[in-house]
Colleague: 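This is the structure I have questions about; it appears just below.
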Amino acid sequence: MVKRFFSTELLEWYERSKRDLPWRRHRDPYYIWVSEIMLQQTRVDTVIPYFHRFIERFPTLQELAEAPEADVLKLWEGLGYYSRARNLQRGAQQVMELHGGQVPNDKLAVAALKGVGPYTTGAIMSIAFNQPVPAVDGNVMRVLSRYFLIEDDIMKNATRAGMEVLIEQLIPEGRASDFNQALMELGALVCTPKSPHCLTCPVMMHCEGRLAGMELQLPVKSKAKPPRPEFRTVALVEGTGREAGRVLVRQRPAAGLLASMWELPHMLLQEAPGVAAEATDEQAMDLLIQELAFSGLYTRPLGPYMEAEHTFSHIHWNLRVYRMEQLAASVAAEAGVRYEAAAALEENMARSLWITREDMALHAFPKVFLTILNRYFDEREQTYK
DNA sequence: AAACCGGGGGT
DNA sequence: ACCCCAGGTTT
């Protein structure tokens with residue numbers, strides 16, 4: 001039977017070809033869990049150094065559960081999808097409270113953990129506990145859609161659910177861990193999206209997609225909407241006096257995009273479409289000056305500094321960064337600037353900080369702001385030498 | 001079902 | 001420039 005052939009050949013190939021990955025060196029459910037969360041929408045080579053640093057800092061689930069959230073975010077800095085880190089820590093706290101610190105060997109209990117969906121449930125149950133639970137990710141859907149010539153849209157939840165049923169029938173007795181990992185390994189190393197290596201594929205002989213010459217058309221996947229462009233004006237405010245040598249950063253709200261991350265102050269240029277992109281430097285700087293003054297900080301513009309871009313799944317940021325200089329309140333008063341709003345907005349400023357380059361090690365920044373800040377501090381050091 | 005949620009690497 | 005990646009949560 002074709003299905004039996006598939007599982008047997010696949011397992012034999014996996015034993016021969018599997019990569020030596022850090023999380024394959026033990027069966028600690030906590031390590032499996034951390035690796036699976038990091039691997040969501042992220043390549044193996046990217047994850048490996050993050051995994052080592054994370055486990056070194058949080059060797060046990062309990063240490064993760066009890067850590068400050070800021071420490072967790074800092075270790076996740078640059079990986080993206082930061083809610084993964086927040087949910088992983090919440091999940092660890094759930095395990096401490098509900099399961100005495102041991103990841104439960106129970107499908108429903110695992111699925112109830114924060115940040116653990118159908119895929120990760122299957123990955124933990126099978127890889128850590130060798131339980132026959134499907135773990136259907138993008139790799140698995142690509143392999144199955146080709147091998148069984150399934151033309152359903154893999155963007156639909158129903159397609160994934162159908163493939164889970166199929167996988168349940170394919171898992172060999174007692175081999176759930178190896179079988180699920182073998183499927184993903186095949187998708188990662190052989191049955192790749194663009195140029196599948198069919199000639200070295202262990203299951204090529206019975207691959208219906210290949211036999212039909214359809215391997216490059218599969219899987220069928222509906223297109224995602226392109227990210228909407230946003231034009232933003234960014235303030236790189238240099239401190240003066242007591243804050244000399246420091247730059248103003250602020251923390252984002254605890255929910256939503258880049259939750260709790262730190263950044264340079266910036267704002268959306270929300271003119272009519274097309275106009276935002278063409279706002280003059282003077283207009284863009286004026287907006288920042290007004291916004292900062294509203295928070296009780298008086299500044300004067302020094303001029304354009306650099307441009308940067310940052311793409312999310314659904315938004316594309318076009319950033320124009322302006323250097324600005326902190327103005328002492330007394331100077332601002334002499335210049336006729338009114339600042340009675342300052343006291344009322346103390347709490348607004350509570351989420352702002354003046355930082356040095358060394359302070360960057362204490363706060364997590366999205367990549368684009370790391371790039372800007374590092375360039376600025378680099379050039380500043382050069383100037384002083 | 002669709003939108004929201006980062007960043008990097010392959011092609 | 002576009003696609004894809006060991007997805008999950010929210011609406």
Side-chain angles (χ1 to χ4, degrees), chain A residues 18-19 21-24 31-51 73 76-88 90-91 110-128 134-143 153-161 163-164 167 177 179-189 191-196 216 218-219 221-228 252 255-261 263 308-317 364-371:
Chain A
K18 66 180 176 187
R19 291 169 289 181
L21 302 175
W23 45 91
R24 284 186 178 156
Y31 292 161
I32 303 296
W33 184 7
V34 171
S35 71
E36 290 302 335
I37 299 300
M38 287 187 171
L39 286 162
Q40 291 171 9
Q41 304 298 306
T42 311
R43 291 169 192 283
V44 166
D45 290 342
T46 303
V47 164
I48 289 173
Y50 280 90
F51 180 80
L73 274 183
W76 212 269
E77 182 182 73
L79 258 189
Y81 283 106
Y82 299 97
S83 64
R84 291 185 295 173
R86 190 185 327 277
N87 287 337
L88 174 60
R90 291 216 188 102
V110 167
L113 298 172
K114 205 68 178 158
V116 178
Y119 163 74
T120 308
T121 299
I124 293 173
M125 293 309 296
S126 63
I127 298 173
V136 176
D137 69 347
N139 280 317
V140 174
M141 287 196 283
R142 186 172 57 256
V143 170
D153 183 354
I154 63 168
M155 290 291 279
K156 297 184 183 300
N157 290 333
T159 303
R160 192 209 72 245
M163 292 192 174
E164 286 175 350
I167 290 293
S177 174
F179 180 75
N180 279 347
Q181 292 185 79
L183 269 175
M184 294 187 269
E185 198 82 337
L186 188 73
L189 299 181
C191 197
T192 50
K194 293 299 173 60
S195 306
L216 293 180
L218 296 169
K221 182 173 182 169
S222 56
K223 278 188 183 170
K225 257 175 46 177
R228 69 174 182 272
R252 297 180 62 87
L257 185 68
L258 299 170
S260 300
M261 303 283 285
E263 63 181 7
E309 297 183 26
H310 194 59
T311 305
F312 305 86
S313 309
H314 58 308
I315 307 174
H316 180 83
W317 276 356
F365 295 88
K367 185 67 196 299
V368 66
F369 294 109
L370 281 179
T371 301

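Just the heavy atoms: all of them, side chains too, but no hydrogens, waters or symmetry mates, feed the values below. None of these values were measured; they are calculated from a predicted model. We name chains A, B, ... by the order of the sequence lines, and we start the count at 1 in each one.
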Colleague: Report which part of the nucleic acid Ile127(A) touches: base, sugar-phosphate, or nothing (heavy-atom distance under 4.0 Å, all strands).
Modeller: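 No contact.
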Colleague: Would you please name every residue forming a ring-ring contact (aromatic ring centres under 6.0 Å, His included) with Phe312(A), sequence neighbours left out?
Modeller: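 Counting only residues at least two positions away or on another chain, Phe312(A) forms a ring-ring contact (aromatic ring centres under 6.0 Å, His included) with His310(A), Trp317(A).
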Colleague: Does anything in residues 76-84 of chain A reach DNA chain C, meaning a heavy atom under 4.0 Å, and if so which residues?
Modeller: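 Heavy-atom contacts with DNA chain C come from Tyr81(A).
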Colleague: Quick one: list whatever passes side chain to side chain contact (heavy atoms under 4.5 Å, CB included) with Ser222(A), sequence neighbours left out.
Modeller: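 Here the qualifying residues are Asp153(A), Met155(A).
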Colleague: Please classify the nucleic acid contact of Gly256(A) as base, sugar-phosphate, or nothing, using heavy-atom distances under 4.0 Å.
Modeller: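 If one applies the 4.0 Å heavy-atom cut-off, Gly256(A) turns out to touch the sugar-phosphate alone, with no base involved.
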Colleague: Can you tell me how far C1' of dA6(C) sits from CG of Leu183(A), to the nearest Å?
Modeller: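 These atoms are roughly 11 Å apart.
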Colleague: Take Met125(A) and Val110(A) through the test side-chain contact (heavy atoms from CB on, under 4.5 Å) and record every step on the way to the result.
Modeller: CA-CA 8 Å; Met125(A) 293 309 296; Val110(A) 167; 3.8 Å; yes
Colleague: Report each atom pair, protein N/O against N/O of nucleotides 2-4 of chain B, whose distance is under 3.5 angstrom.
Modeller:
none

Colleague: Considering only atom P, compute the distance from dT9(C) to dG8(B) and round it to an integer number of Å.
Modeller: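 Nearest-Å result for dT9(C) against dG8(B) at atom P: 24 Å.
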Colleague: Decide yes or no for His314(A) and Lys225(A): does some side-chain heavy atom of the first lie under 4.5 Å from some side-chain heavy atom of the second?
Modeller: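 Sidechains of Lys225(A) and His314(A): no contact.
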Colleague: Please report the distance, rounded to the nearest Å, between CE in Met184(A) and P in dC5(C).
Modeller: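 Going from CE in Met184(A) over to P in dC5(C) covers 13 Å.
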Colleague: Can you check the distance between dG9(B) and dG8(C), where both ends of the measurement are the P atom (answer in whole Å)?
Modeller: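 dG9(B) and dG8(C) have their P atoms separated by 23 Å.
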Colleague: State, yes or no, whether a side-chain contact exists between Pro196(A) and Leu216(A) at a heavy-atom distance under 4.5 Å.
Modeller: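 Yes; the side chains approach each other to less than 4.5 Å.
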Colleague: Could you check Leu39(A) against Tyr119(A) for side-chain contact (heavy atoms from CB on, under 4.5 Å), going step by step and ending with a plain yes or no?
Modeller: CA-CA 11 Å; Leu39(A) 286 162; Tyr119(A) 163 74; over 6 Å; no
Colleague: With Pro219(A), which of Thr159(A), Ile154(A), Val143(A) fulfils side-chain contact (heavy atoms from CB on, under 4.5 Å)?
Modeller: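 When side-chain contact (heavy atoms from CB on, under 4.5 Å) is applied between Pro219(A) and each of Thr159(A), Ile154(A), Val143(A), only Ile154(A) qualifies.
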Colleague: Return the value, rounded to whole Å, for the distance between atom CE of Met141(A) and atom C1' of dA6(C).
Modeller: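 Rounded to whole Å, this separation is 11 Å.
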Colleague: Please report the distance, rounded to the nearest Å, between CZ in Phe312(A) and C1' in dG8(B).
Modeller: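 Spelled out: CZ on Phe312(A) to C1' on dG8(B) is 14 Å.
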Colleague: Under the rule for salt bridge (Lys or Arg N to Asp or Glu O under 4.0 Å), what residues qualify as partners of Glu36(A), not counting sequence neighbours?
Modeller: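 With sequence neighbours excluded, Glu36(A) shows a salt bridge (Lys or Arg N to Asp or Glu O under 4.0 Å) to no residue whatsoever.
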Colleague: Just how far, in rounded Å, is P of dG7(C) from CD of Glu164(A)?
Modeller: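 The answer, rounded to whole Å, is 13 Å.
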Colleague: Select base, sugar-phosphate, or nothing to describe what Thr120(A) touches, counting heavy atoms under 4.0 Å on all strands.
Modeller: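 If one applies the 4.0 Å heavy-atom cut-off, Thr120(A) turns out to touch the sugar-phosphate alone, with no base involved.
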Colleague: Applying a 4.0 Å non-hydrogen cut-off, can you work out what Arg19(A) is touching in the nucleic acid: base, sugar-phosphate, or nothing?
Modeller: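 Contact class for Arg19(A): base.
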Colleague: Looking across every strand, which nucleic acid part, if any, lies under 4.0 Å from Arg24(A) by heavy atom: base, sugar-phosphate, or nothing?
Modeller: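 Here Arg24(A) touches the bases of the nucleic acid.
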Colleague: Between dG6(B) and dC4(C), how far apart are the two C1' atoms, rounded to whole Å?
Modeller: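 Per the computed distance, 14 Å lies between those C1' atoms.
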Colleague: Expressed as a whole number of angstroms, how long is the span from His316(A):NE2 to dA1(C):P?
Modeller: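 Those two atoms, NE2 and P, are 10 Å apart.
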Colleague: With pairs defined as Watson-Crick or G-U wobble and both distances under 3.5 angstrom, please note down DNA chain B as a dot-bracket string, | for pairing with another strand.
Modeller: |||||.|||||
Colleague: Can you check whether Ala259(A)'s main-chain N or O pairs, donor with acceptor, with Arg86(A)'s side chain at less than 3.5 Å?
Modeller: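 A pair under 3.5 Å: yes.
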Colleague: Name the nucleic acid region contacted by Trp23(A), choosing base, sugar-phosphate or nothing; use a 4.0 angstrom heavy-atom cut-off, strictly under.
Modeller: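 If one applies the 4.0 Å heavy-atom cut-off, Trp23(A) turns out to touch a base.
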Colleague: Measure CD/Gln41(A) against P/dC5(C) and give the value in whole Å, please.
Modeller: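 It is 8 Å, rounded to the nearest whole Å.
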Colleague: Distance check needed: dC3(C) P versus Ile154(A) CD1, whole Å only.
Modeller: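 Going from CD1 in Ile154(A) over to P in dC3(C) covers 13 Å.
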Colleague: What residues, two or more places apart in sequence or in another chain, satisfy side chain to side chain contact (heavy atoms under 4.5 Å, CB included) together with Lys114(A)?
Modeller: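 Scan of Lys114(A) (side chain to side chain contact (heavy atoms under 4.5 Å, CB included), adjacent residues dropped) gives Asn87(A), Arg90(A), Gln94(A).
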Colleague: Sequence neighbours excluded, which residues qualify as ring-ring contact (aromatic ring centres under 6.0 Å, His included) partners of Phe179(A)?
Modeller: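 With neighbours one apart ignored, the set is empty.
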Colleague: With sequence neighbours excluded, what pairs up with Thr311(A) under the side chain to side chain contact (heavy atoms under 4.5 Å, CB included) test?
Modeller: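 Here the qualifying residues are Pro227(A), His316(A).
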Colleague: Please list, for nucleotides 9-11 of chain C, all pairs of protein and nucleotide N/O atoms separated by less than 3.5 Å.
Modeller:
residue: dT9(C); atom: OP1; partner: Gly115(A); partner atom: N; Å: 2.7

Colleague: Please name all residues satisfying side chain to side chain contact (heavy atoms under 4.5 Å, CB included) with Pro118(A), sequence neighbours left out, ordered by chain then number.
Modeller: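 Partners of Pro118(A) under the side chain to side chain contact (heavy atoms under 4.5 Å, CB included) test: Arg160(A), Glu164(A).
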Colleague: Can you confirm whether the side chains of Arg84(A) and Gln41(A) place a donor and an acceptor under 3.5 Å from each other?
Modeller: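 Absent: no donor and acceptor within the cut-off.
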Colleague: Specify the residue among Lys223(A) and Gln181(A) whose closest nucleotide of DNA chain C lies further upstream toward the 5′ end.
Modeller: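 So the residue in question is Lys223(A).
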Colleague: I'd like to check the ring-ring contact (aromatic ring centres under 6.0 Å, His included) partners of Phe369(A); sequence neighbours left out, ordered by chain and number.
Modeller: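 Partners of Phe369(A) under the ring-ring contact (aromatic ring centres under 6.0 Å, His included) test: His266(A).
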